[in-house]
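Accompanying notes for the structure given below.
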Amino acid sequence: VCDFSNLWILIVIVNLSTFLPLLLINKVPSEQQLQNIGAELQDATSFNLKEKNRTQLIWIYGACMDYVFPCVQKKLCCCVCSSTQSILHRNEIELNEMVNNNEQMSERNEV
């Protein structure tokens, strides 16, 4: 069922996509150089985390809790509640029609 006549093209593309980046690497760092790079990156990220302004993060949280989430909840609840109410209303109408039909049938049977 499957035609694998062009599978070799996929294999060549995958092999080239892994081989070409290896050709572009001019120098592989030594273990000591890798440790120095890791320490520099760790220092840079810890410095950025310490310098974050917490009041900005708290303001964003407050804005989401006060404005965004209630608005989304109101929209979602409105859609869910309205669809539920319409279904209940439709079911109530159908039930009333069934009761009326049964009453009419019983009246006919009595006559």
Side-chain angles (χ1 to χ4, degrees):
V1 174
C2 295
D3 182 24
F4 293 111
S5 60
N6 294 326
L7 183 62
W8 67 273
I9 297 173
L10 177 65
I11 293 171
V12 169
I13 291 172
V14 169
N15 286 336
L16 285 177
S17 66
T18 56
F19 181 66
L20 288 178
L22 292 175
L23 291 176
L24 298 175
I25 296 174
N26 294 330
K27 179 185 172 210
V28 177
S30 67
E31 183 69 28
Q32 183 61 35
Q33 291 172 333
L34 287 174
Q35 287 178 354
N36 291 341
I37 292 170
E40 288 177 21
L41 289 174
Q42 192 173 22
D43 290 341
T45 55
S46 65
F47 177 73
N48 286 339
L49 289 177
K50 290 177 187 174
E51 293 297 317
K52 285 267 189 209
N53 191 351
R54 292 181 186 260
T55 57
Q56 289 179 348
L57 295 177
I58 292 171
W59 179 83
I60 292 172
Y61 174 77
C64 287
M65 292 301 289
D66 293 339
Y67 301 107
V68 176
F69 297 149
C71 180
V72 170
Q73 183 180 14
K74 187 185 298 181
K75 297 285 184 187
L76 287 177
C77 184
C78 180
C79 293
V80 170
C81 291
S82 65
S83 65
T84 304
Q85 287 176 354
S86 67
I87 291 171
L88 290 175
H89 183 66
R90 207 174 319 131
N91 289 342
E92 186 178 339
I93 291 172
E94 290 174 2
L95 184 62
N96 286 337
E97 288 176 358
M98 288 173 49
V99 168
N100 290 337
N101 287 339
N102 286 339
E103 287 176 358
Q104 289 175 358
M105 295 285 266
S106 63
E107 287 176 4
R108 288 182 191 163
N109 290 338
E110 289 177 5
V111 174

**OP:** Calculate, to the nearest 0.5 Å, the distance between atoms CG and CG belonging to Leu10 and Asn15 respectively.
**Re:** 9.5 Å
Original post:
Under 4.5 Å between any side-chain heavy atoms of Thr18 and Leu22, yes or no?
Top reply: no
Original post:
So how far is it from Leu41 CG to Asn36 CG, rounded to the nearest 0.5 Å?
Top reply: 11.0 Å
**OP:** Indicate, with yes or no, if Ile13 and Trp8 share a hydrophobic cluster defined by side-chain heavy-atom contacts under 4.5 Å among Ile, Leu, Val, Met, Phe, Trp and Tyr.
**Re:** yes
Original post:
Going hydrophobic residue to hydrophobic residue with side-chain gaps under 4.5 angstrom, can you get from Val14 over to Leu7?
Top reply: yes
Subject >> Non-hydrogen atoms of Pro21 and Leu16 that approach each other most closely >> reply: CD-O, 4.3 Å
